[in-house]
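Read the structure below first, then the notes.
Just so we're on the same page: letters track the sequence lines, and every chain starts at 1. Predicted, not measured: the structure shown is a model, and the values here were computed from it.
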Number of protein chains: 2
Amino acid sequence: MAGDVRVQPVARQACAEIRYPAETRRRARTVHRVARRDGRRKLPTIKVVAAAAGVSTSTVSRVFSRPHLLRESTVAHVTEVATRLGYVPHHAARALSTGRLGMIAVVVPDIANPFFPPVIRAAQARASAGGASTVLGDTDEDPAKELDLLVKLQQRTDGVVLVSSRLPEDVVRERGRQGPLVLVNRDVADVPRVLVDSAPGMREAVDHLAALGHRHLAYVSGPTTSWSDEQRRRAVGERAAALGVAVSVLRAHRPDHEEGRAAAGEVLDAGATAAVAFDDALAQGVLAGLAERGVAVPGEVSVIGCDDILAATTYPPLTTVRGRGAEAGRLAVELLLELVDDPDAGRDHRRLLPSSLTCRATTAAPPSSGTRRFDPRGAS
Amino acid sequence: MAGDVRVQPVARQACAEIRYPAETRRRARTVHRVARRDGRRKLPTIKVVAAAAGVSTSTVSRVFSRPHLLRESTVAHVTEVATRLGYVPHHAARALSTGRLGMIAVVVPDIANPFFPPVIRAAQARASAGGASTVLGDTDEDPAKELDLLVKLQQRTDGVVLVSSRLPEDVVRERGRQGPLVLVNRDVADVPRVLVDSAPGMREAVDHLAALGHRHLAYVSGPTTSWSDEQRRRAVGERAAALGVAVSVLRAHRPDHEEGRAAAGEVLDAGATAAVAFDDALAQGVLAGLAERGVAVPGEVSVIGCDDILAATTYPPLTTVRGRGAEAGRLAVELLLELVDDPDAGRDHRRLLPSSLTCRATTAAPPSSGTRRFDPRGAS
DNA sequence: CTGAAAGCGCTAACAT
DNA sequence: ATGTTAGCGCTTTCAG
């Protein structure tokens, strides 16, 4: 099986110590190293609460973890005392005895990409409702960094939600075996995943364009390693073929404004009257590139984005495929929490969230042929 | 059992327990509660490494925390054995004995606001270099949520970086007393802080506009509770006054596209020939609002943003004040790490990062007076 | 330079 | 329903 991919550069990474700056200097002044621990205001422990409340430590413990096992009056009393003393459970201690860290991780390729904040936020909210906190990892679109981070986070958290992974399939699967892992927008068998299914929306987009009268459109691609890109490209291609509409597929690397801007020229060169972009950032770039060249949108060329992430912030407002990223984030965490609780559950869970087209102002009928495109230089 | 989405609304957030979904059900099937702990592949502990290497546990411990106290050969040997066994230090255990969690928090008002991702990312990178991981908090621009989060995170981490806090000054100060806290873009005495100083850039902006011939400009404000807004507004006001240029201050609440769009009309109504916005999102909104009204930028009205966060993604490319958010994030974490190590250090550290103007394509001389502006209503 | 042993604060059997 | 008692895995005096 692909199983033995065994990514083992974990070695030195393993001892990423808690080495704060001054700690190094400290080696010099050897003597009197009073435990720095007292620097922090010492919080009361379960023990002092127990004493103050006249009960045993286990009772206090139960008050905070399984109150339903106790008489109501006891709970009330202990809670009161605890509050008065300012007691708060110590997480590390709890983690050590339960084996549960109370923390999950969410890993994304690029936090600055506006598709991710909503999923992160929703994930966070759901995790917090489940009593877990969330650490965020940013891989900077770099697979090597992604793997490092993933390995590290799998050790330090109860589980991770991996969004839009750029890692090879077998590596992802292997990670899934190492600990609770839920994928978002990546479809790998045997790893639970939630996918925003852009295909329906993309098909609607093509239908919409065809209905408007477009006969030739361009698809502006995203990262090759992206599952979403493949899915979207295929949906556009298939539907267009079925409708007898021509498609030029344009390459683009990072899904950002810059690349989209560059792609605008190619859209024009290809002779397309409409562009469907992998995502909104790219679409926005295309819009800008078109504007630069004096091409009117949607008068001369129509543009459609995907994810509905900044649709309302372009001019004209972008027609786009709505992505439901937040929902995906929430669902992923929900699934992960179940998985943490029971590692054998949902191994092959696969949840699809269908998308749909949202029409705004960047699509219209193509210009009647002959005068179909404005040439900035011939304009005198 | 795959499909069904069961949202378990976790009643009282009161004692934020690690209560994962299934845990509640478990109460039913009382018997055979094998410790779920074995669900996770059990990692080797310091003890087994010690045994395998023929040394004591303390030696292994030292190898991973203060190798300089050991003979090199010992270190090498133990490291080798540890690696072979796949040993990784258990963080919770370490935290419990050292009192150090190895984790800091970064709290921002809105992760979807493009100003923050760079600061978060930089903070994360710096923290990770210092051996700490980072949890991210999003307050959703809500002071109450902010305080909750802050309190909670101060308990669970070694310290927090609080970015663009919307909390009252005394509350912030009090939090600063409760534990290591570093502010970004908020100036509260007695709490260490790093501020991106937008004043220089704002002054340059006014100079630039005045030099171009503008005599009346509008300042589109951000959140009232924002230190940055106050600072920017004042800088614009003072410089303009000194130059004899009129300023209309426009209110805006959330610094987002929508509000900016709405503000465009006000800019026009005020009779200004240039708008300086609190931030780029707002400026971009103004751009869109102007475009909607058929007003040419920069031909009829000039626009300047702040933070340089999406400057390259507008059309025309936005002239803006460069913010240095990433640097601020990095510095803040650096400071925090020092603070964690020595709580008495830098109590009143205050670091200013001067900004500067970046000219792009949204500024130009105002139209010659008389025909200076298009009036949407008077146009018939 | 290395080892032995005493916890860090909390939970979880097992007894009541 | 509550108390007792061992640890969870690691760090850290204190002795050699």
Partners passing salt bridge (Lys or Arg N to Asp or Glu O under 4.0 Å) against B:R330 (at least two apart in sequence or in another chain): B:E334

Does any residue of residues 45-57 of chain B have a heavy atom under 4.0 Å from DNA chain D, and if so, which ones, in number order? B:T45, B:I46

Rounded distance (Å) that lies between atom C1' of C:dG3 and atom CZ of B:R71: 13 Å

What is the distance from CG of B:L70 to P of D:dT11, rounded to the nearest Å? 13 Å

Whole angstroms only, please: what is the CG-P distance between B:L101 and C:dC8? 17 Å

Can you tell me the distance, in whole Å, between the CG atom of A:L69 and the P atom of C:dT11? 13 Å

Short side-chain to backbone donor-acceptor contact, B:R100 and B:A95, under 3.5 Å: no

Starting at CG of A:L96 and ending at C1' of C:dT11, how long is that distance when rounded to a whole Å? 10 Å

Rounded to whole angstroms, how far apart are CG on B:L85 and P on D:dG9? 14 Å

Any donor-acceptor pair under 3.5 Å from B:D158 side chain to B:G102 backbone: yes

Bend angle of the helix from C:dC1-D:dG16 to C:dT16-D:dA1 from five-pair axes at both ends, rounded to 10°? 30°

Hey, which sits more toward the 5' end of DNA chain D by its nearest nucleotide, B:A92 or B:T59? B:A92

Under-4.0 Å side-chain N/O to phosphate OP1/OP2 contact, B:R62 with D:dT11: no

Apply side-chain contact (heavy atoms from CB on, under 4.5 Å) to B:A76 and list each qualifying residue two or more places apart in sequence or on a separate chain. none

For A:R71, what residues pass the salt bridge (Lys or Arg N to Asp or Glu O under 4.0 Å) criterion, not counting sequence neighbours? none

If you look only at pairs with a residue in residues 76-91 of chain B, which of them pass as a salt bridge (charged side-chain N to carboxylate O under 4.0 Å, His left out), with sequence neighbours excluded? B:E80-B:R84

Between B:D140 and A:R121, does any NZ, NE, NH1 or NH2 come within less than 4.0 Å of an OD or OE carboxylate oxygen? yes

Compare the minimum distances between each of D:dT12, D:dG9, D:dG3 and the side chain of B:R66, then state the nucleotide with the smallest one. D:dT12

If the condition is side-chain contact (heavy atoms from CB on, under 4.5 Å), which residues does A:L70 pass it with, not counting sequence neighbours? A:T59, A:R62, A:V63, A:V75

Check the distance between C:dC8's P and B:H91's NE2 and give it to me in whole angstrom. 22 Å

With B:T134, which residues qualify under side-chain contact (heavy atoms from CB on, under 4.5 Å), at least two apart? B:I104, B:V106, B:Q124, B:A127

Taking the side chain of B:S65 as heavy atoms from C-beta outward, which of C:dT2, D:dT11, C:dC10 is closest to it? D:dT11

So what does B:S61 touch, heavy atoms closer than 4.0 Å: a base, only the sugar-phosphate, or nothing? base

Proximity to the side chain of A:S58 - top-ranked nucleotide from C:dT2, C:dA12, C:dC10: C:dA12

Using side-chain contact (heavy atoms from CB on, under 4.5 Å) as the criterion, list what pairs up with A:A144, not counting sequence neighbours. A:D142

I'd like to know if B:T74 reaches the base of C:dT2 with its side chain, counting only an N/O donor and acceptor under 3.5 Å. no

Interatomic distance where NE2 belongs to A:H90 and C1' belongs to C:dT11 [whole Å]: 14 Å

